[in-house]
Amino acid sequence: MHDTTVLLIELGAVILGLGLVGRFAGRIGMSPIPLYLLGGLAFGHGGLFPLSATEGFIEVGAEIGVLLLLLLLGLEYTASELVTSLRTQYPSGVVDFVLNATPGALAGLLLGWGPAGVLALAGVTWISSSGVIAKVLTDLGRLGNRETPVVLGVLVMEDLSMAVYLPLLTAMLAGAGLAGGSITLLVALGTVGIVLYLALRHGRLISRAVSSKTPEMLLLVVLGLTLLVAGVAQKLQVSAAVGAFLVGIALSGETAENARTLLTPLRDLFAAVFFVFFGLSTTPAQIPPVLLPALLLAVVTVLTKILTGRYAARRAGVSRRGQLRAGGALVARGEFSIVIAGLAVSAEPRIGPLATAYVLLMVIFGPLAARWTEPAVSGLLRRVRRGPREPGRTHPPAHSSEAETLKR
């Protein structure tokens, strides 16, 4: 009874604290993710208020949080949208991978990590935060901008790539050799292909079988199916997260919309628990030694994401200013960088502190880059084109064609 009492007190304090810091983050217009991570650091080993009774419960909640993040991500897209994105956005997806995974991989090699750690850090620097970016675009009133579909297209490509990347990472973390990793990857690709085919051809039948007029029944069926498929996928070393993602893709129409409405609050709760658990597994004293590498990695990958956005937007015929806005919008990293690091931390413990510091920086840099990249670069270009001012001399007004070029 005593243990139950302590568990309830600790769990209540953690959830209440998450609610308060989430409200504070909303008031100041920032993502709550860094505050959740800091809360986990405060409650973890070596923190100010270490937890004793709830760590096991929070660990299970963190696993559910990852599955719900991927399930809701799959519910956002239909199979036809994913196929269309593959056909039209794959060059941008390749450029995104090369520019943004390479810095992480090189950093892992320079730090002397093994193959699994290098692959994991490459994923941490590669994947942008869909949640943070969606919030920033909404706050800035850019949902109707011409570059926004380009930004969303890049995010879709990244999300779909997780169906290949996560099984490969899981196989390497499990110590599978080249043959074992290849088999796992083939199984994952085959599973993705089958699910996309079934969703395209028979999506209505699948959704009708899962659908229910009673919200309670729909919630139980979708959540139970997700956990079951994730467990089977984990057993096959395909990755539980990919299994949850595929369940989301298989559902469509009204069923997907209703499930998304029901599961969103549950996702937010368990996702917050996941970020806290990741912070719990990181000792605060390990953060200061990795701040400099994290800052260098952050600066480099801010620039590479801006270049990615510019390339993708230029392919779509967006103006120069729109290209810069697209690049700035893609900078933020967040939930999936932490998910990847959380999977790898058992094989490469050093990735935990580095990923925590990196995400803390990038969640701060992301909204700033989205807001200021285009004005800052445009202002710099104007200064360069005008040249240095001579004492006592003023420049004539810009030619109308030049002014029009700057507007574009």
| query | Between L18 and L269, is any pair of side-chain heavy atoms under 4.5 Å apart? | reply | no
| query | Can you name the residues that form a side-chain hydrogen bond (donor to acceptor under 3.5 Å, both in side chains) with S129, not counting sequence neighbours? | reply | E335
| message | Is it the case that over 12 heavy atoms from other parts of the model lie below 6.0 angstrom from the CD atom of E63? | response | no
| All salt bridge (Lys or Arg N to Asp or Glu O under 4.0 Å) counterparts of E348, not counting sequence neighbours | R350
| Side-chain donor-acceptor contact under 3.5 Å, N100 with T304 | yes
| request: Just jot down the salt bridge (Lys or Arg N to Asp or Glu O under 4.0 Å) partners of R260, sequence neighbours excluded, or say none. | output: E76
| task | Check for a donor-acceptor pair, side chain of K305 on one end and backbone N or O of W126 on the other, with a separation under 3.5 Å. | result | yes
| task | Please indicate whether R371 has more than 12 foreign heavy atoms, meaning atoms of other residues, nucleotides or ligands, lying under 6.0 Å from its CZ. | result | no
| said: Would you say CZ of F97 has more than 12 non-hydrogen atoms from neighbouring residues, nucleotides or ligands within 6.0 angstrom? | reply: no
| said: Strictly distance-based, threshold 3.5 Å: is any side-chain N or O of T301 a donor or acceptor partner for the main-chain N or O of A298? | reply: yes
| field | Residues forming a salt bridge (Lys or Arg N to Asp or Glu O under 4.0 Å) with R325, sequence neighbours excluded | value | E147
| R142: partners by salt bridge (Lys or Arg N to Asp or Glu O under 4.0 Å), with sequence neighbours left out | none
Output a table of donor-acceptor pairs, distance under 3.5 Å, between side-chain atoms of residues 108-124 and any protein atom two or more places apart or on a different chain; print 'none' if there are none.
none

